[in-house]
Amino acid sequence: MGEAPALFVDDVQKGFSNGFDLKQDFEKSVVVGHKTYVIGGTDELTSSGVCIFDKLTGEWVIPTVLGTKPELLKGHSCVLLNKDRILIIKENCKSNESVWFLEVDTQFIRDQKKKFETEVVAWSKGVIGNVDQPIVISGPSGVGKGTLINMLMNEFPTMFGFSVSHTTRAPREKEQNGVHYHFTTHVVMEEDIKSGKFLEFAAVHGNLYGTSIEAVDMVADAGKRCILDIDVQGARSVRASSLEAIFIFVRPPSFEDLEKRLRARGTETEGQIQKRLRNAKAELEEGNSPGLFDHILVNDDIEACYERLKNILGISESMNAAPVTTSKVLDLPVDLSLSKINEKILINRGDAEQKVVLDLSSMKGGAPGRTRGLDTYAFDH
Ligand SMILES: Nc1nc2c(ncn2[C@@H]2O[C@H](COP(=O)(O)OP(=O)(O)O)[C@@H](O)[C@H]2O)c(=O)[nH]1
Ligand SMILES: Nc1ncnc2c1ncn2[C@@H]1O[C@H](COP(=O)(O)OP(=O)(O)O)[C@@H](O)[C@H]1O
């Protein structure tokens, strides 16, 4: 909670009944209850892009800002949705950078406020169109998760992308940084966790592992369906997050088979194998937790198991040509204004006859990450 930034002193003295004296084009304000959110600004003081005036305390607050924020906000229009997020549309934007959401009171924000003990807002980029549900694959070490994922990615390279996790464990001989994992240190990873970069993280077999929000977004932005290879604790966290995924648990035909595979792989020391086998017992129990996994896949014969996996995902050989995305780019003119009609936003294009409708009725996701499922169409009147 702070003093009024110098930039706004004049505004405060003028009183608020007449609204803010905002820098034209750069700053827009939206009132949510007793708080006024000023969005935009090129000034040092407003470099976070968001300032909040609290009418109850009469103070300006610079909030903790999470998520990837839009580049220079100029000529943007804002509208409040459901009192929990502000829709921001940038005009004259020729890329898929035009639709943004600033979350101010969603469940995610409420959770983060408790953590940071400050005001918190979070950016989420709006994505027109959808990609198919991400796939979470869990199971004990050595069960064959990596083998199955490789088969899928080799057969359908345009359809699937791997979420590259961060880990503090040492790379194996054939593992490449940035491809199999982002190899990092405890210190760096703990910092990144604190600053909210991870969708989920867990300590597994004595090391830290985590899925960054960026890892999942990068796959989805490439129009591919994201595959996450994460442990059961991670699966639980993703279940509780806004990422709507399909959850698959891979089991070995027997514990003896698991041990044989782990040894045959030859990537761990005897001590590490023992630790992984001990943990496998608990993981196999956890795999039966009601409501956690949508499908249990027994990896007996690898080819048969792979066929069952493809059936679960509803894919066949003929599908490998087309990427799954229906992502569209929204080209917006200058001088736009917004009107809100239920879950549809009418984008008025200056004096042009044709308007654009942004349909939010199938919107999903949100911070941390992207807001997907938006649709647009032209509207003649
Ligand atoms: N929670 C979580 N678990 C992960 C992540 N990445 C990998 N894991 C899990 O960590 C465990 C160990 O992975 P790894 O060291 O590669 O060994 P492997 O499973 O024997 O190949 C496996 O259960 C992985 O599914 C992650 O980002 N988050
Ligand atoms: N169905 C199977 N039958 C026999 N060996 C298998 C089978 N699936 C995988 N493997 C082998 O087991 C070892 C562990 O598989 P991997 O995919 O690395 O497991 P995970 O990623 O679950 O730790 C590898 O050497 C792999 O070739």
Side-chain angles (χ1 to χ4, degrees), residues 134-154 162-184 189 192-193 197-216 218-219 226-241 243 245 247-269 272-284 286-287 292-293 297-309:
I135 304 152
V136 170
I137 300 194
S138 288
S141 182
V143 75
K145 302 178 297 295
T147 308
L148 289 164
I149 292 169
N150 281 341
M151 290 168 88
L152 211 48
M153 306 247 304
N154 286 340
F162 186 60
S163 155
V164 181
S165 293
H166 282 64
T167 183
T168 60
R169 90 149 157 73
R172 293 175 188 151
E173 207 185 338
K174 289 191 181 144
E175 284 178 334
Q176 285 169 267
N177 192 22
V179 176
H180 300 93
Y181 280 105
H182 297 288
F183 295 100
T184 181
M189 190 144 168
D192 287 348
I193 289 170
K197 285 194 184 154
F198 286 91
L199 180 68
E200 63 77 30
F201 62 90
V204 192
H205 315 316
N207 282 298
L208 274 180
Y209 292 79
T211 308
S212 69
I213 294 161
E214 196 186 351
V216 176
M218 269 177 64
V219 176
C226 187
I227 305 178
L228 292 83
D229 174 347
I230 58 176
D231 86 315
V232 181
Q233 308 166 72
R236 240 182 244 289
S237 304
V238 175
R239 257 282 185 225
S241 80
L243 193 75
F247 293 77
I248 300 172
F249 187 77
V250 188
R251 300 184 73 87
S254 70
F255 201 79
E256 291 68 38
D257 280 290
L258 183 69
E259 181 164 358
K260 257 192 242 161
R261 286 179 199 175
L262 204 47
R263 290 188 187 287
R265 190 170 70 184
T267 49
E268 271 77 28
T269 63
Q272 286 164 340
I273 290 174
Q274 290 301 336
K275 188 183 254 182
R276 279 159 191 265
L277 288 173
R278 273 197 306 276
N279 291 341
K281 294 215 164 86
E283 285 171 300
L284 289 168
E286 290 251 342
L292 182 51
F293 291 97
L297 203 55
V298 179
N299 183 12
D300 36 22
D301 173 69
I302 188 70
E303 291 299 336
C305 182
Y306 180 54
E307 286 307 312
R308 288 198 299 277
L309 175 62

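In this text the structure is predicted, and so the values were computed from the model without any measurement. The chain is numbered in sequence order, starting from 1. Start at 1 and go down the list; that is how both ligands and their atoms are numbered.
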Heavy-atom gap [X] to ligand 2 smaller than 4.0 Å:
X    : result
I149 : no
P140 : yes
S141 : yes

Looking only at non-hydrogen atoms, which of [options] approaches [atom] most closely?
atom                    : options          : value
atom 22 (O) of ligand 2 : K145, R265, R172 : K145
atom 4 (C) of ligand 1  : I230, L208, N279 : I230
atom 22 (C) of ligand 1 : Q233, K145, R276 : K145

Tell me if a side-chain donor or acceptor on S241 pairs with a main-chain N or O of L199 at a distance below 3.5 Å.
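Not at all, since once roles are kept as given, no pair shorter than 3.5 Å links the two residues.
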What about [X]: any of its N or O atoms under 3.5 Å from an N or O on ligand 1?
X    : value
R172 : yes
V204 : no
Y209 : yes

[atom1] ([X]) with more than 12 external heavy atoms under 6.0 Å:
X    : atom1 : result
M218 : CE    : no
K197 : NZ    : no
E259 : CD    : yes

Distance only, no hydrogens: is a donor on one side chain within 3.5 Å (strictly under) of an acceptor on the other, for N150 and T147?
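There is no such pair (donor and acceptor under 3.5 Å, judged by atom type) between the side chains of N150 and T147.
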Are side-chain N/O atoms of H205 and N279 paired as donor and acceptor at under 3.5 Å?
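There is such a pair between these side chains.
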When you measure from [atom] to every protein heavy atom, which one gives the shortest distance, and what is it?
atom                    : value
atom 3 (N) of ligand 2  : R261 NH2, 3.4 Å
atom 14 (P) of ligand 1 : Y181 OH, 3.4 Å
atom 27 (O) of ligand 1 : S165 OG, 2.6 Å
atom 20 (O) of ligand 1 : S141 OG, 2.4 Å
atom 28 (N) of ligand 1 : E200 OE2, 2.7 Å
atom 3 (N) of ligand 1  : D231 N, 3.0 Å

Salt bridge or not for [X] and [Y], using N-O below 4.0 Å?
X    : Y    : value
E268 : R172 : yes
R169 : E175 : yes
R236 : E286 : yes
R251 : D300 : no

Ring-plane angle category for F293 and F249, please: parallel below 30°, perpendicular beyond 60°, tilted otherwise.
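Rings of F293 and F249: tilted, 30 to 60°.
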Under 4.0 Å to a heavy atom of [X] - the qualifying atoms of ligand 1, by number:
X    : result
G210 : 26 (C), 27 (O), 28 (N)
G234 : 1 (N)
A202 : 1 (N)
R169 : 14 (P), 15 (O), 16 (O)

Taking a cutoff of less than 4.0 Å between a non-hydrogen atom of the residue and any ligand atom, is G146 in contact with ligand 1?
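Distance cut 4.0 Å: G146 fails for ligand 1.
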What pair of heavy atoms forms the shortest contact from S138 to D231, and how long is it?
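Shortest heavy-atom contact: OG-O, 3.5 Å.
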Working to the nearest 0.5 Å, report the span between [atom1] of [X] and [atom2] of [Y].
X    : Y    : atom1 : atom2 : answer
M189 : N207 : CE    : CG    : 9.5 Å
L258 : S141 : CG    : OG    : 7.5 Å
T167 : F183 : OG1   : CZ    : 7.0 Å

Please state which part of D229 comes within less than 4.0 Å of ligand 1, counting heavy atoms only: side chain, backbone, both or neither.
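For D229, backbone and side-chain atoms both sit under 4.0 Å from ligand 1.
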One residue to check: R265. Relative to ligand 1, which of side chain, backbone, both or neither has a non-hydrogen atom less than 4.0 Å away?
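Contact part for R265 vs ligand 1: side chain (C-beta onward).
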Ligand-residue contact atoms, ligand 2 with [X], heavy atoms, under 4.0 Å:
X    : value
T147 : 9 (C), 15 (O), 16 (P), 17 (O), 26 (C)
D300 : 1 (N), 2 (C), 3 (N)
G146 : 17 (O), 20 (P), 21 (O)

If I apply the N/O under 3.5 Å rule, does D301 come out as touching ligand 2?
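No, no N or O pair falls under 3.5 Å.
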If you measure every N or O of G142 against every N or O of ligand 2, does any of those distances drop under 3.5 Å?
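Yes; the residue has a nitrogen or oxygen that sits under 3.5 Å from a nitrogen or oxygen of the ligand.
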Please confirm whether the ring centroid of F198 lies under 6.0 Å from the ring centroid of H166.
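Between F198 and H166, the centre distance is under 6.0 Å.
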